[in-house]
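When a ligand or atom number is given, it counts from 1 through the structure's own listing order.
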Amino acid sequence: MLTVGVDVGGTSVRAAVVDQHGEILQTHRVRTPGTGAELNAAIAETVRVLADRYPVSGVGLAVAGFVSEDLRVVRFAPHLAWRHVAVADELAARLGLPVVLEHDANAAAVAEQRFGTAIGARVAALVAIGTGIGGALVIGGEVFRGAHGVAPELGHLRLVPDGRECPCGKRGCWERYCSGTALAATAVQLRGEGASSLPAQPTGVDVARAAEAGDQVALRAVEELARWLGEGLALVSDVYDPEVVVLSGGVSDSAHLFLDRAREHYAAAVTGAGHRPLAQVRVAHFGDPAVMIGAAAIAREHALSGPAVL
Ligand SMILES: [Zn+2]
(Lines give C-alpha, C1' and ligand atoms only; values in the text may rest on other atoms or scores of the structure.)
Protein backbone atom coordinates (compact mmCIF):
# COMPACT_ATOMS: atom_id res chain seq x y z
CA MET A 1 0.00 0.00 0.00
CA LEU A 2 1.32 3.43 -0.98
CA THR A 3 0.46 6.63 0.88
CA VAL A 4 1.46 10.27 0.61
CA GLY A 5 3.18 12.08 3.47
CA VAL A 6 3.09 15.88 3.36
CA ASP A 7 5.35 18.18 5.38
CA VAL A 8 3.55 21.53 5.57
CA GLY A 9 6.29 23.96 6.53
CA GLY A 10 6.39 27.74 6.78
CA THR A 11 8.33 28.12 3.51
CA SER A 12 7.46 25.02 1.48
CA VAL A 13 4.93 22.20 1.18
CA ARG A 14 6.80 18.96 0.50
CA ALA A 15 5.08 15.70 -0.32
CA ALA A 16 6.32 12.18 -0.94
CA VAL A 17 4.85 8.88 -2.05
CA VAL A 18 6.07 6.35 0.49
CA ASP A 19 5.80 2.55 0.56
CA GLN A 20 5.21 0.21 3.53
CA HIS A 21 8.96 0.01 4.21
CA GLY A 22 9.34 3.77 4.57
CA GLU A 23 11.00 4.12 1.17
CA ILE A 24 10.29 7.32 -0.76
CA LEU A 25 9.29 6.69 -4.39
CA GLN A 26 8.80 10.27 -5.54
CA THR A 27 8.63 13.77 -4.04
CA HIS A 28 7.03 17.06 -5.06
CA ARG A 29 7.43 20.50 -3.53
CA VAL A 30 5.72 23.92 -3.83
CA ARG A 31 6.13 27.20 -1.97
CA THR A 32 3.81 27.73 1.03
CA PRO A 33 1.12 30.33 0.16
CA GLY A 34 -0.01 32.98 2.63
CA THR A 35 -3.74 32.33 3.06
CA GLY A 36 -5.59 29.28 4.35
CA ALA A 37 -7.63 28.79 1.13
CA GLU A 38 -4.48 29.01 -1.04
CA LEU A 39 -2.70 26.63 1.30
CA ASN A 40 -5.43 23.98 1.01
CA ALA A 41 -5.36 24.36 -2.80
CA ALA A 42 -1.56 24.09 -2.90
CA ILE A 43 -1.56 20.93 -0.78
CA ALA A 44 -4.31 19.36 -2.87
CA GLU A 45 -2.39 20.14 -6.07
CA THR A 46 0.86 18.74 -4.61
CA VAL A 47 -0.87 15.49 -3.64
CA ARG A 48 -2.62 15.24 -7.04
CA VAL A 49 0.70 15.43 -8.90
CA LEU A 50 1.80 12.30 -7.00
CA ALA A 51 -1.59 10.55 -6.91
CA ASP A 52 -1.84 10.83 -10.70
CA ARG A 53 1.28 8.68 -11.03
CA TYR A 54 0.86 6.23 -8.12
CA PRO A 55 -2.15 4.36 -6.69
CA VAL A 56 -2.16 6.01 -3.25
CA SER A 57 -4.58 5.00 -0.48
CA GLY A 58 -4.37 7.93 1.91
CA VAL A 59 -2.66 11.15 2.88
CA GLY A 60 -0.88 12.11 6.10
CA LEU A 61 -0.39 15.82 6.67
CA ALA A 62 2.28 16.90 9.16
CA VAL A 63 2.05 20.41 10.57
CA ALA A 64 4.19 22.45 12.96
CA GLY A 65 1.33 23.33 15.28
CA PHE A 66 -1.42 22.11 17.54
CA VAL A 67 -3.64 19.41 16.05
CA SER A 68 -6.93 18.25 17.63
CA GLU A 69 -6.98 14.89 19.45
CA ASP A 70 -9.00 13.31 16.62
CA LEU A 71 -6.33 14.43 14.08
CA ARG A 72 -8.93 16.33 12.00
CA VAL A 73 -8.46 20.02 12.96
CA VAL A 74 -5.45 22.35 13.02
CA ARG A 75 -6.04 24.47 16.10
CA PHE A 76 -3.06 26.78 15.76
CA ALA A 77 0.09 26.78 13.68
CA PRO A 78 2.30 29.81 14.29
CA HIS A 79 3.90 29.83 10.81
CA LEU A 80 0.79 28.92 8.79
CA ALA A 81 -2.52 30.65 7.97
CA TRP A 82 -4.77 28.01 9.62
CA ARG A 83 -6.65 28.88 12.83
CA HIS A 84 -9.17 26.24 13.98
CA VAL A 85 -9.61 24.83 10.49
CA ALA A 86 -10.96 21.34 9.74
CA VAL A 87 -8.09 20.74 7.33
CA ALA A 88 -8.39 16.96 7.15
CA ASP A 89 -12.07 16.98 6.13
CA GLU A 90 -11.62 19.81 3.60
CA LEU A 91 -8.72 18.05 1.90
CA ALA A 92 -10.38 14.63 2.02
CA ALA A 93 -13.39 16.12 0.18
CA ARG A 94 -11.15 17.76 -2.44
CA LEU A 95 -8.98 14.69 -3.02
CA GLY A 96 -11.41 11.84 -2.53
CA LEU A 97 -8.83 10.21 -0.26
CA PRO A 98 -8.69 9.70 3.50
CA VAL A 99 -6.60 12.44 5.14
CA VAL A 100 -5.16 12.44 8.65
CA LEU A 101 -3.23 15.22 10.43
CA GLU A 102 -0.26 14.96 12.76
CA HIS A 103 2.19 17.25 14.50
CA ASP A 104 5.47 17.29 12.55
CA ALA A 105 7.67 16.18 15.47
CA ASN A 106 5.30 13.27 16.11
CA ALA A 107 5.53 12.28 12.45
CA ALA A 108 9.34 12.34 12.59
CA ALA A 109 9.29 10.22 15.76
CA VAL A 110 7.01 7.65 14.10
CA ALA A 111 9.41 7.45 11.11
CA GLU A 112 12.35 6.76 13.43
CA GLN A 113 10.42 4.24 15.53
CA ARG A 114 9.03 2.34 12.51
CA PHE A 115 11.98 2.48 10.12
CA GLY A 116 14.90 4.39 11.63
CA THR A 117 17.26 4.44 14.57
CA ALA A 118 14.59 3.72 17.22
CA ILE A 119 13.11 0.78 15.34
CA GLY A 120 10.89 -1.27 17.66
CA ALA A 121 11.73 0.78 20.79
CA ARG A 122 8.96 0.39 23.38
CA VAL A 123 9.43 3.96 24.62
CA ALA A 124 11.11 6.34 22.19
CA ALA A 125 11.58 10.08 22.62
CA LEU A 126 12.49 12.45 19.81
CA VAL A 127 14.31 15.69 20.62
CA ALA A 128 14.51 17.88 17.50
CA ILE A 129 17.11 20.57 18.16
CA GLY A 130 16.97 23.46 15.70
CA THR A 131 16.17 27.10 16.40
CA GLY A 132 14.21 25.69 19.36
CA ILE A 133 13.41 22.18 20.59
CA GLY A 134 10.57 20.07 19.25
CA GLY A 135 9.68 16.95 21.19
CA ALA A 136 7.72 13.76 20.63
CA LEU A 137 7.10 10.49 22.44
CA VAL A 138 6.14 7.14 20.99
CA ILE A 139 5.01 4.69 23.67
CA GLY A 140 4.14 1.12 22.76
CA GLY A 141 4.19 2.17 19.10
CA GLU A 142 1.60 4.91 19.67
CA VAL A 143 2.20 8.65 19.65
CA PHE A 144 1.71 10.00 23.18
CA ARG A 145 -0.14 13.29 22.95
CA GLY A 146 -1.53 13.87 26.44
CA ALA A 147 -5.15 14.57 27.34
CA HIS A 148 -5.53 17.59 25.03
CA GLY A 149 -3.17 16.76 22.21
CA VAL A 150 -0.39 19.19 23.13
CA ALA A 151 2.14 16.97 24.94
CA PRO A 152 5.10 16.88 25.16
CA GLU A 153 6.42 20.46 25.19
CA LEU A 154 9.93 19.32 26.01
CA GLY A 155 11.55 22.54 24.76
CA HIS A 156 9.79 24.54 27.44
CA LEU A 157 10.74 22.46 30.44
CA ARG A 158 12.27 24.97 32.84
CA LEU A 159 15.87 24.03 33.46
CA VAL A 160 17.15 27.33 34.83
CA PRO A 161 14.97 29.24 37.33
CA ASP A 162 15.07 32.96 36.41
CA GLY A 163 17.17 32.06 33.36
CA ARG A 164 17.05 33.41 29.83
CA GLU A 165 13.74 34.83 28.60
CA CYS A 166 11.76 32.60 26.24
CA PRO A 167 9.22 33.73 23.62
CA CYS A 168 6.73 31.39 25.36
CA GLY A 169 6.61 33.89 28.25
CA LYS A 170 8.61 31.84 30.74
CA ARG A 171 12.28 31.99 31.70
CA GLY A 172 14.97 29.35 31.65
CA CYS A 173 13.33 26.96 29.17
CA TRP A 174 15.44 24.05 27.92
CA GLU A 175 15.54 25.39 24.33
CA ARG A 176 17.01 28.69 25.54
CA TYR A 177 20.12 26.68 26.54
CA CYS A 178 20.08 23.84 24.04
CA SER A 179 19.39 24.91 20.44
CA GLY A 180 21.11 26.68 17.57
CA THR A 181 19.82 29.97 18.95
CA ALA A 182 21.16 29.08 22.40
CA LEU A 183 24.56 28.14 21.01
CA ALA A 184 24.86 31.59 19.44
CA ALA A 185 23.61 33.34 22.59
CA THR A 186 26.07 31.45 24.79
CA ALA A 187 28.98 32.26 22.46
CA VAL A 188 28.09 35.98 22.61
CA GLN A 189 27.96 35.74 26.42
CA LEU A 190 31.34 34.04 26.58
CA ARG A 191 32.99 36.50 24.18
CA GLY A 192 35.80 38.36 25.89
CA GLU A 193 36.91 35.28 27.80
CA GLY A 194 39.37 34.47 25.03
CA ALA A 195 40.39 35.25 21.48
CA SER A 196 37.72 34.26 18.99
CA SER A 197 37.19 34.30 15.24
CA LEU A 198 33.40 34.53 15.63
CA PRO A 199 31.48 37.42 14.02
CA ALA A 200 29.71 39.96 16.27
CA GLN A 201 26.30 38.29 15.86
CA PRO A 202 27.08 34.64 15.15
CA THR A 203 24.50 32.02 14.19
CA GLY A 204 24.50 28.56 15.71
CA VAL A 205 26.07 27.26 12.50
CA ASP A 206 28.88 29.87 12.81
CA VAL A 207 29.59 28.64 16.34
CA ALA A 208 29.60 24.97 15.31
CA ARG A 209 31.99 25.71 12.42
CA ALA A 210 34.29 27.76 14.67
CA ALA A 211 34.29 24.93 17.23
CA GLU A 212 35.33 22.52 14.47
CA ALA A 213 38.25 24.85 13.75
CA GLY A 214 39.27 24.89 17.42
CA ASP A 215 37.97 28.34 18.40
CA GLN A 216 38.11 28.39 22.21
CA VAL A 217 34.99 30.52 22.79
CA ALA A 218 32.99 28.37 20.37
CA LEU A 219 34.24 25.19 22.05
CA ARG A 220 33.14 26.51 25.45
CA ALA A 221 29.72 27.38 24.02
CA VAL A 222 29.42 23.83 22.65
CA GLU A 223 30.42 22.44 26.05
CA GLU A 224 27.60 24.48 27.63
CA LEU A 225 25.15 23.08 25.09
CA ALA A 226 26.34 19.54 25.91
CA ARG A 227 25.77 20.19 29.59
CA TRP A 228 22.22 21.45 29.10
CA LEU A 229 21.40 18.71 26.63
CA GLY A 230 22.46 16.17 29.26
CA GLU A 231 20.52 17.93 32.03
CA GLY A 232 17.38 18.00 29.87
CA LEU A 233 17.72 14.37 28.85
CA ALA A 234 17.93 13.48 32.55
CA LEU A 235 14.58 15.20 33.14
CA VAL A 236 13.01 13.45 30.15
CA SER A 237 14.33 10.12 31.47
CA ASP A 238 13.07 10.80 34.97
CA VAL A 239 9.53 11.22 33.61
CA TYR A 240 9.36 8.77 30.69
CA ASP A 241 12.32 6.36 31.07
CA PRO A 242 12.78 6.02 27.30
CA GLU A 243 14.65 3.14 25.72
CA VAL A 244 15.95 5.36 22.93
CA VAL A 245 16.24 9.13 22.59
CA VAL A 246 16.56 10.26 18.98
CA LEU A 247 18.29 13.58 18.38
CA SER A 248 17.24 15.31 15.17
CA GLY A 249 17.10 18.85 13.80
CA GLY A 250 19.87 21.01 12.36
CA VAL A 251 21.98 21.03 15.53
CA SER A 252 22.16 17.23 15.53
CA ASP A 253 24.31 17.52 12.36
CA SER A 254 27.07 18.68 14.74
CA ALA A 255 26.43 15.92 17.29
CA HIS A 256 30.02 14.65 16.99
CA LEU A 257 31.04 17.89 18.76
CA PHE A 258 28.90 17.37 21.86
CA LEU A 259 27.19 13.97 22.02
CA ASP A 260 29.76 12.14 24.16
CA ARG A 261 29.87 14.99 26.69
CA ALA A 262 26.07 15.25 26.70
CA ARG A 263 25.82 11.52 27.47
CA GLU A 264 28.20 12.00 30.42
CA HIS A 265 26.15 14.89 31.80
CA TYR A 266 22.96 12.88 31.28
CA ALA A 267 24.36 9.81 33.04
CA ALA A 268 25.46 11.95 36.00
CA ALA A 269 22.25 14.00 36.31
CA VAL A 270 19.58 11.31 36.00
CA THR A 271 17.86 10.15 39.20
CA GLY A 272 19.47 6.94 40.47
CA ALA A 273 22.63 7.64 38.48
CA GLY A 274 24.84 4.58 38.27
CA HIS A 275 22.09 2.21 39.43
CA ARG A 276 19.69 2.13 36.47
CA PRO A 277 19.73 1.52 32.74
CA LEU A 278 20.06 4.65 30.64
CA ALA A 279 18.36 5.57 27.39
CA GLN A 280 20.45 5.10 24.29
CA VAL A 281 20.95 8.57 22.84
CA ARG A 282 21.27 8.35 19.06
CA VAL A 283 21.34 10.72 16.12
CA ALA A 284 18.31 10.41 13.82
CA HIS A 285 18.56 8.04 10.86
CA PHE A 286 16.43 10.25 8.63
CA GLY A 287 17.00 13.95 8.05
CA ASP A 288 14.23 16.28 6.89
CA PRO A 289 12.35 13.50 5.01
CA ALA A 290 11.47 11.93 8.39
CA VAL A 291 8.39 14.12 8.62
CA MET A 292 7.02 12.98 5.22
CA ILE A 293 7.91 9.33 5.89
CA GLY A 294 6.24 9.38 9.31
CA ALA A 295 3.13 11.20 8.03
CA ALA A 296 2.78 8.61 5.27
CA ALA A 297 3.15 5.77 7.80
CA ILE A 298 0.44 7.29 10.00
CA ALA A 299 -1.85 7.64 6.96
CA ARG A 300 -1.24 3.97 6.08
CA GLU A 301 -1.93 2.76 9.61
CA HIS A 302 -5.15 4.79 9.80
CA ALA A 303 -6.28 3.51 6.39
CA LEU A 304 -5.60 -0.08 7.48
CA SER A 305 -7.45 0.37 10.76
CA GLY A 306 -10.66 1.14 8.81
CA PRO A 307 -12.91 4.09 8.00
CA ALA A 308 -14.31 4.25 11.55
CA VAL A 309 -11.07 5.87 12.70
CA LEU A 310 -11.05 8.30 9.79
ZN1 LIG B 1 9.74 28.56 26.74
Side-chain angles (χ1 to χ4, degrees), residues 9-11 62-69 74-80 82-84 102-109 125-138 143-190 201-205 207-208 221-240 242 245-252 254-255 258 262 265-266 269-271 279 281 284 291:
T11 53
V63 179
F66 291 138
V67 170
S68 63
E69 302 92 292
V74 175
R75 290 203 167 108
F76 172 65
H79 306 295
L80 299 170
W82 291 320
R83 298 289 181 270
H84 290 277
E102 186 52 275
H103 186 276
D104 59 357
N106 289 344
L126 177 102
V127 180
I129 314 173
T131 53
I133 286 180
L137 286 160
V138 178
V143 171
F144 175 82
R145 55 187 87 249
H148 308 103
V150 298
E153 283 291 349
L154 300 181
H156 301 283
L157 291 175
R158 176 174 288 157
L159 261 74
V160 183
D162 301 320
R164 292 175 183 167
E165 281 185 17
C166 184
C168 78
K170 303 197 299 183
R171 281 179 172 274
C173 295
W174 190 15
E175 67 173 39
R176 293 298 100 199
Y177 294 85
C178 181
S179 63
T181 318
L183 193 55
T186 304
V188 168
Q189 252 179 13
L190 294 172
Q201 295 295 327
T203 63
V205 173
V207 178
V222 169
E223 170 59 31
E224 279 290 294
L225 180 132
R227 174 189 166 199
W228 292 114
L229 175 55
E231 294 277 348
L233 291 177
L235 285 187
V236 171
S237 275
D238 284 344
V239 180
Y240 298 106
V245 177
V246 181
L247 302 182
S248 69
V251 173
S252 71
S254 302
F258 57 78
H265 285 290
Y266 160 51
V270 73
T271 304
V281 185
V291 174

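- Checked by atom type and distance alone, the side chain of D104 never pairs as donor or acceptor with a backbone atom of V291 at under 3.5 Å.
- Put simply, the side chain of R176 reaches to within 4.5 Å of the side chain of T181, judged on heavy atoms.
- Counting only protein N, O or S atoms, the number found under 2.8 Å from the Zn ion (ligand 1) is 4.
- Within the model, atoms CG of L183 and CG of L225 stand 5.5 Å from one another, a figure rounded to the nearest 0.5 Å.
- H103 places a side-chain N or O within 3.5 Å of a backbone atom of A105 that can act as its donor or acceptor partner.
- Within 6.0 Å of atom CD in E69, more than 12 heavy atoms from other residues, nucleotides or ligands are found, so the atom counts as buried in its surroundings.
- A donor-acceptor contact shorter than 3.5 Å is absent between the side chain of Y177 and the backbone of G232.
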